[in-house]
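Worksheet for the structure shown next.
Remember, predicted model here, so these are calculated numbers, not experimental data.
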Amino acid sequence: QVQLAESGGGSVQVGGSLRLSCAASGPAFSTYFMGWFRQTSGKEREFVAAIRSDGGNTYYADSAKGRFTISRDNALSTMYLQMNSLNPSDTARYFCAAAKLFRLSAWVRGPNAVDYWGKGTLVTVSS
């Protein structure tokens, strides 16, 4: 069983930056495919970014490319999302996700095939 806890959310102005963290407790963090999703009220949770278990490959939604960077530190059992050039459309609750297998094709279609979720951290971008 893996427990995930997000932190780092908050309020920021347009053009600002935030760094989200996802701390994992439980065994075998380094074997999990990890990622970030986000959700706004009334909408389905959507894929933002993902990273392979060894950190060797990263994947991004079009909305995140060039602005967000996903990374992980397996020694600390922590994943990060550096978000730059934030705009109001990035306002959402951001969720950490983990899967025992490589699930990119499922994740880009929606919140599918996720083995573990965090409770989320709220990001608000104001103009």
Side-chain angles (χ1 to χ4, degrees):
Q1 184 79 10
V2 172
Q3 293 183 324
L4 304 173
E6 302 92 337
S7 62
S11 296
V12 64
Q13 291 191 323
V14 169
S17 299
L18 282 173
R19 188 194 196 202
L20 306 183
S21 297
C22 171
S25 59
F29 172 82
S30 63
T31 68
Y32 283 87
F33 182 65
M34 300 291 297
W36 292 93
F37 287 74
R38 67 186 183 186
Q39 186 172 24
T40 55
S41 179
K43 292 189 176 181
E44 185 180 65
R45 204 167 290 188
E46 66 175 9
F47 170 75
V48 176
I51 187 167
R52 294 188 72 119
S53 58
D54 62 0
N57 291 88
T58 57
Y59 312 90
Y60 298 93
D62 287 345
S63 59
K65 285 178 183 175
R67 300 187 302 126
F68 295 3
T69 302
I70 189 171
S71 61
R72 65 191 294 165
D73 186 333
N74 285 343
L76 297 178
S77 295
T78 303
M79 176 180 65
Y80 306 97
L81 186 68
Q82 176 67 43
M83 304 188 296
N84 299 327
S85 302
L86 287 163
N87 58 65
S89 65
D90 296 315
T91 295
R93 179 167 290 274
Y94 285 71
F95 295 87
C96 177
K100 297 175 183 178
L101 301 175
F102 183 77
R103 296 295 193 187
L104 181 65
S105 60
W107 285 14
V108 296
R109 293 194 299 268
N112 313 300
V114 174
D115 293 308
Y116 303 103
W117 287 105
K119 294 183 178 180
T121 185
L122 183 62
V123 171
T124 303
V125 184
S126 58
S127 56

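Residues Phe37 and Gly110 approach most closely at CE2-O, 3.5 Å, considering heavy atoms. Nearest heavy-atom pair, Met79 versus Cys96, reported as atom, atom and distance to 0.1 Å: CE-SG, 3.5 Å. Considering every non-hydrogen atom in both Arg109 and Ser105, the closest pair reads NH1-O, 2.9 Å.
Rounding to the nearest 0.5 Å gives a distance of 11.0 Å between CG of Leu81 and OG1 of Thr121. If you take CG on Asn74 and CG on Asp54, they are separated by 8.0 Å, rounding to the nearest 0.5 Å.
Looking only at distances, no side-chain donor or acceptor of Asn87 sits under 3.5 Å from a matching main-chain atom of Ser126. A donor-acceptor pair under 3.5 Å is absent between the side-chain atoms of Asn112 and the main chain of Trp107, judged by distance alone.
A 4.5 Å side-chain heavy-atom check between Val123 and Met83 finds at least one atom pair inside the cut-off. Looking at Tyr116 and Val114, their side chains never come closer than 4.5 Å, going by heavy atoms from C-beta outward. Tyr59 has its side chain out of reach of Val108: every pair of non-hydrogen atoms, C-beta onward, lies at least 4.5 Å apart. Inter-residue side-chain proximity for Ser71 and Gln82 is flagged as unmet; no heavy-atom pair is nearer than 4.5 Å.
Residues Trp36 and Phe68 place their aromatic rings such that the two centres sit no closer than 6.0 Å.
Salt bridge annotation for Arg67-Asp90: present, with a cationic side-chain nitrogen under 4.0 angstrom from a carboxylate oxygen. Residues Glu46 and Arg38 are paired through a salt bridge, judged by an N-O separation under 4.0 Å between the basic side chain and the carboxylate.
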Please step through side chain to side chain contact (heavy atoms under 4.5 Å, CB included) for the pair Tyr94 and Leu122, ending with a clear verdict. CA-CA 6 Å; Tyr94 285 71; Leu122 183 62; over 6 Å; no

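A cation-pi geometry, defined here as NZ or CZ lying under 6.0 Å from the six-membered ring centre and within 45° of its normal, holds between Arg45 and Phe95. Judged by the 6.0 Å distance and 45° axis criteria, Arg72 is not positioned over the aromatic ring of Tyr80.
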Could you list the donor-acceptor pairs under 3.5 angstrom formed by side chains in residues 8-33, with sequence neighbours left out?
from  : atom 1 : to    : atom 2 : distance (Å)
Ser17 : OG     : Asn84 : OD1    : 2.9
Thr31 : OG1    : Ala28 : O      : 2.7

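Each of Ile51, Thr78, Val2, Ile70 was checked for a side chain to side chain contact (heavy atoms under 4.5 Å, CB included) with Met34, and the lone residue meeting it is Ile51.
Residue pairs meeting the disulfide (SG to SG under 2.5 Å) criterion with at least one partner in residues 23-94, sequence neighbours excluded, do not occur; the list is empty.
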